[in-house]
Amino acid sequence: SEEELEAQFKRHDFIYLQKNSIEFALKQGLKQGIEQGIEQGIKRGIQQGLEKGKNEKAIEIAKTLLSLGDDIEKVSKATGLPIGEVKNLANRT
């Protein structure tokens, strides 16, 4: 009947709208997830870079102190480097 046909069209329209709403929400969620992932990755990369730079500077200072004749324990305390790492640096110079 005409009423049943009209009801089917309304159901079809409802399902179509729901489907589009879900697809839009998924795309928005994916977009936000990607943006957040990129932001977190950049922050993590900056942090790792800073830590690496600090470590490289500590090694440079340790080498200088060792070349000036400071003992390993003193160099370790001054730079924050582990004694084992300072010993390795002392053996290389």
Side-chain angles (χ1 to χ4, degrees):
S1 76
E2 204 171 302
E3 290 172 359
E4 290 173 338
L5 188 58
E6 181 68 27
Q8 279 194 350
F9 281 136
K10 286 182 180 180
R11 278 192 292 269
H12 179 268
D13 287 345
F14 176 78
I15 291 169
Y16 179 77
L17 289 172
Q18 292 299 313
K19 177 182 172 268
N20 285 339
S21 294
I22 291 169
E23 286 175 358
F24 177 77
L26 287 172
K27 286 179 185 177
Q28 288 299 101
L30 181 61
K31 181 181 174 188
Q32 288 176 347
I34 289 171
E35 288 171 357
Q36 287 175 351
I38 290 171
E39 185 177 319
Q40 288 175 355
I42 290 170
K43 286 180 182 178
R44 192 173 304 142
I46 290 170
Q47 184 63 34
Q48 288 174 349
L50 289 171
E51 288 173 13
K52 183 177 180 185
K54 285 180 183 179
N55 189 55
E56 288 175 357
K57 188 63 177 174
I59 290 171
E60 185 180 315
I61 292 168
K63 287 178 180 178
T64 301
L65 292 173
L66 289 168
S67 72
L68 294 173
D70 285 343
D71 65 60
I72 291 172
E73 191 173 310
K74 184 177 178 182
V75 173
S76 175
K77 286 181 182 178
T79 60
L81 293 172
I83 289 178
E85 188 170 351
V86 176
K87 284 181 183 178
N88 287 339
L89 291 172
N91 291 335
R92 284 191 246 158
T93 54

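As the structure is a computational prediction, the values presented were derived from the model and not from experiment.
Atom CG of residue L65 and atom CG of residue D71 lie 10.0 Å apart, to the nearest 0.5 angstrom. Between the NZ atom in K87 and the CG atom in L89 there is a gap of 12.5 Å [rounded to 0.5 Å]. One finds the CG atom of D70 at 10.5 Å from the OG1 atom of T64 (value rounded to the nearest 0.5 Å). The NE2 atom of H12 lies 10.0 Å from the CG atom of L17; values are rounded to the nearest 0.5 Å.
Using a 4.5 Å cut-off between side-chain heavy atoms of Ile, Leu, Val, Met, Phe, Trp and Tyr, with links allowed through other members, I22 and F14 fall into different hydrophobic clusters. I34 and I42 fall within a single hydrophobic cluster, where Ile, Leu, Val, Met, Phe, Trp and Tyr side chains are chained together by heavy-atom contacts under 4.5 Å.
Within 6.0 Å of the CD atom in Q18, the count of heavy atoms belonging to other residues, nucleotides or ligands exceeds 12.
Under 4.0 Å is where a charged nitrogen must lie from a carboxylate oxygen, and between K54 and E51 no such pair does.
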Contacts under 3.5 angstrom, residues 73-85 side chains, donor-acceptor by atom type, not counting sequence neighbours:
| unit_1 | atom_1 | unit_2 | atom_2 | d |
| --- | --- | --- | --- | --- |
| S76 | OG | L81 | O | 2.5 |
| T79 | OG1 | V75 | O | 2.8 |
| T79 | OG1 | L81 | N | 3.2 |

What pairs of donor and acceptor atoms, side-chain ones from residues 26-33 against any protein atom, are under 3.5 angstrom apart with sequence neighbours left out?
none

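Inter-residue side-chain proximity for E35 and E39 is flagged as unmet; no heavy-atom pair is nearer than 4.5 Å.
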